[in-house]
K.L.:
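Would you mind keeping the following structure in view while I ask a few things?
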Amino acid sequence: MKLVWSPETASKAYLDTVKSCENLETHDAAELISAMAAGWNAKLIVETWSYSYGDAVASSIGLNVASQHTNAKHICIVQNSRTESAYLQAIQEYPSPLNLPETIISQEPGDAMKELQGIDFLVVDWRHKEFAAAALRNAAFGSRGAVVVCRNGYSRSSSGFSWRRALRDREVVRTVTLPVTGGIEIAHVAAMDSGKSDKSKRRWITHIDQRSGEEHVFSV
């Protein structure tokens, strides 16, 4: 069994995320990430978040919206209690009706990731390179396959990063780079029983830049 794309669910999550983030200065491509998580019907959504760069929570709001559309569990891994407090305070400042994500405190994200089995959708931020890399190395993806999103992915190009090395023993069937908000890198992890992957099928998402009004159509 594989992850199955639902354009209807993706569209609903996209629009709901736009509404939820309408008062934010930057959306951080939250609606795009939300649409992918919901469209692939993710049941376990995991993200890493760090306070050191004053990270916005737009993408977290988007993932939370997606989790409500797919009845998924949404987990955020943070490094310490100070970061957890900052994260929860930030996400509760928005009036949207959100179910607060579960938070896991772990200085070593690899330890936390080993406890989470069957991840369908994982989001990391490459500005926090070591934290993100540890999460990727130790992620236990589900048998249906998974989608992995690396925010601020342009910064990884100079580090010799390789999806296949980062994800170790799981097959990566396709990777995509989207030129928005510092670069969003996406990798599709094969289902355990997928056999030959079908790379000819494409899934499309329309993303509207909230500042310029430009419409971008991406194959994901």
Side-chain angles (χ1 to χ4, degrees), residues 2-49 55-76 87-103 119-125 142 144-153 174-188 201-220:
K2 304 177 184 179
L3 293 175
V4 178
W5 177 255
S6 170
E8 294 81 10
T9 307
S11 296
K12 290 176 181 177
Y14 185 101
L15 294 174
D16 285 349
T17 303
V18 169
K19 294 177 183 177
S20 297
C21 297
E22 61 184 354
N23 294 324
L24 297 181
E25 293 183 5
T26 173
H27 288 199
D28 202 22
E31 55 273 88
L32 180 62
I33 294 173
S34 177
M36 286 190 289
W40 286 113
N41 194 30
K43 296 301 182 183
L44 179 53
I45 299 171
V46 179
E47 63 171 321
T48 62
W49 194 85
D55 278 0
V57 292
S59 59
S60 291
I61 292 173
L63 291 173
N64 204 272
V65 170
S67 72
Q68 295 182 48
H69 280 280
T70 65
N71 195 28
K73 189 172 186 178
H74 175 200
I75 296 175
C76 180
Y87 173 78
L88 292 176
Q89 180 180 351
I91 205 169
Q92 290 180 79
E93 287 180 355
Y94 301 100
S96 303
L98 300 174
N99 297 320
L100 288 179
E102 177 183 338
T103 55
I119 297 172
D120 297 313
F121 200 88
L122 173 63
V123 180
V124 300
D125 189 335
R144 298 189 303 156
V147 177
V148 184
V149 176
C150 181
R151 296 168 51 214
N152 296 291
R174 186 154 58 94
T175 61
V176 181
T177 301
L178 306 184
V180 293
T181 60
I184 293 180
E185 303 275 352
I186 304 167
H188 293 254
K201 294 183 179 180
R202 293 180 177 272
R203 306 293 183 264
W204 300 91
I205 287 180
T206 300
H207 172 67
I208 299 176
D209 189 301
Q210 299 299 315
R211 292 185 177 181
S212 67
E214 293 181 346
E215 182 178 81
H216 305 277
V217 181
F218 300 117
S219 169
V220 298

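Everything quoted here is computed from the prediction, not taken from an experiment. Along the sequence shown, the residues carry numbers beginning at 1.
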K.L.:
CD1 of I33 to OG1 of T17: how many Å apart, nearest 0.5 Å?
P.N.:
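It is 10.0 Å, given to the nearest 0.5 Å.
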
K.L.:
Can you name the residues that form a side chain to side chain contact (heavy atoms under 4.5 Å, CB included) with L88, not counting sequence neighbours?
P.N.:
E84, Q92, T103

K.L.:
Given F121, which of V148, L63, L44 fulfils the side-chain contact (heavy atoms from CB on, under 4.5 Å) condition?
P.N.:
L63

K.L.:
Supply the atom-to-atom distance K12 NZ to S6 OG, rounded to the nearest 0.5 angstrom.
P.N.:
8.0 Å

K.L.:
So among R144, K73, K2, which one has a salt bridge (charged side-chain N to carboxylate O under 4.0 Å, His left out) with D120?
P.N.:
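Single pass found, and it is R144.
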
K.L.:
Within the side chain of T70, is there an N or O that forms a donor-acceptor pair under 3.5 Å with the backbone of A42?
P.N.:
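Flag set: sc T70 to bb A42 pair under 3.5 Å.
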
K.L.:
Within this structure, what is the CG-CD1 distance for the pair L122 and I45, rounded to the nearest 0.5 Å?
P.N.:
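L122 atom CG to I45 atom CD1 measures 11.0 Å (nearest 0.5 Å).
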
K.L.:
Would you say S34's side chain and E31's backbone share a donor-acceptor pair under 3.5 angstrom?
P.N.:
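Judged by distance alone, no pair lies under 3.5 Å.
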
K.L.:
What heavy-atom pair brings C21 and A30 nearest, and what distance separates the two atoms?
P.N.:
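In terms of heavy atoms, the two residues are closest at SG-CB, 4.2 Å.
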
K.L.:
If you look at every heavy atom in S60 and W49, which pair is closest and at what distance?
P.N.:
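Heavy atoms of S60 and W49 come nearest at OG-CD1, 4.3 Å.
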
K.L.:
Can you tell me how far CG of N41 sits from NE2 of H69, rounded to the nearest 0.5 angstrom?
P.N.:
12.0 Å

K.L.:
How far apart are the C-alpha atoms of E185 and T175, what are their side-chain angles, what is the distance that settles it, and do they pass the side chain to side chain contact (heavy atoms under 4.5 Å, CB included) test?
P.N.:
CA-CA 7 Å; E185 303 275 352; T175 61; 5.8 Å; no

K.L.:
State, to 0.1 Å, how close P101 and N64 come at their nearest heavy-atom pair, and which atoms those are.
P.N.:
CD-ND2, 3.4 Å

K.L.:
How close do T9 and A38 get, heavy atom to heavy atom, and via which atoms?
P.N.:
CG2-O, 3.5 Å

K.L.:
Any side-chain to backbone donor/acceptor pair from S20 onto D16? Under 3.5 Å, distance only.
P.N.:
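Yes, because the side chain of S20 sits within donor-acceptor range (under 3.5 Å) of the backbone of D16.
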
K.L.:
Around atom NZ of K43, are there more than 12 heavy atoms from other residues, nucleotides or ligands closer than 6.0 Å?
P.N.:
yes

K.L.:
Can you tell me how far the OH atom of Y14 sits from the CE atom of M36, to the nearest 0.5 Å?
P.N.:
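Interatomic distance, Y14 OH to M36 CE, rounded to 0.5 Å: 11.5 Å.
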
K.L.:
Is a side-chain donor-acceptor pair under 3.5 Å present for E47 with H74?
P.N.:
yes

K.L.:
Looking at OH of Y87 and CG of L100, how far apart are the two atoms once the value is rounded to the nearest 0.5 Å?
P.N.:
8.5 Å

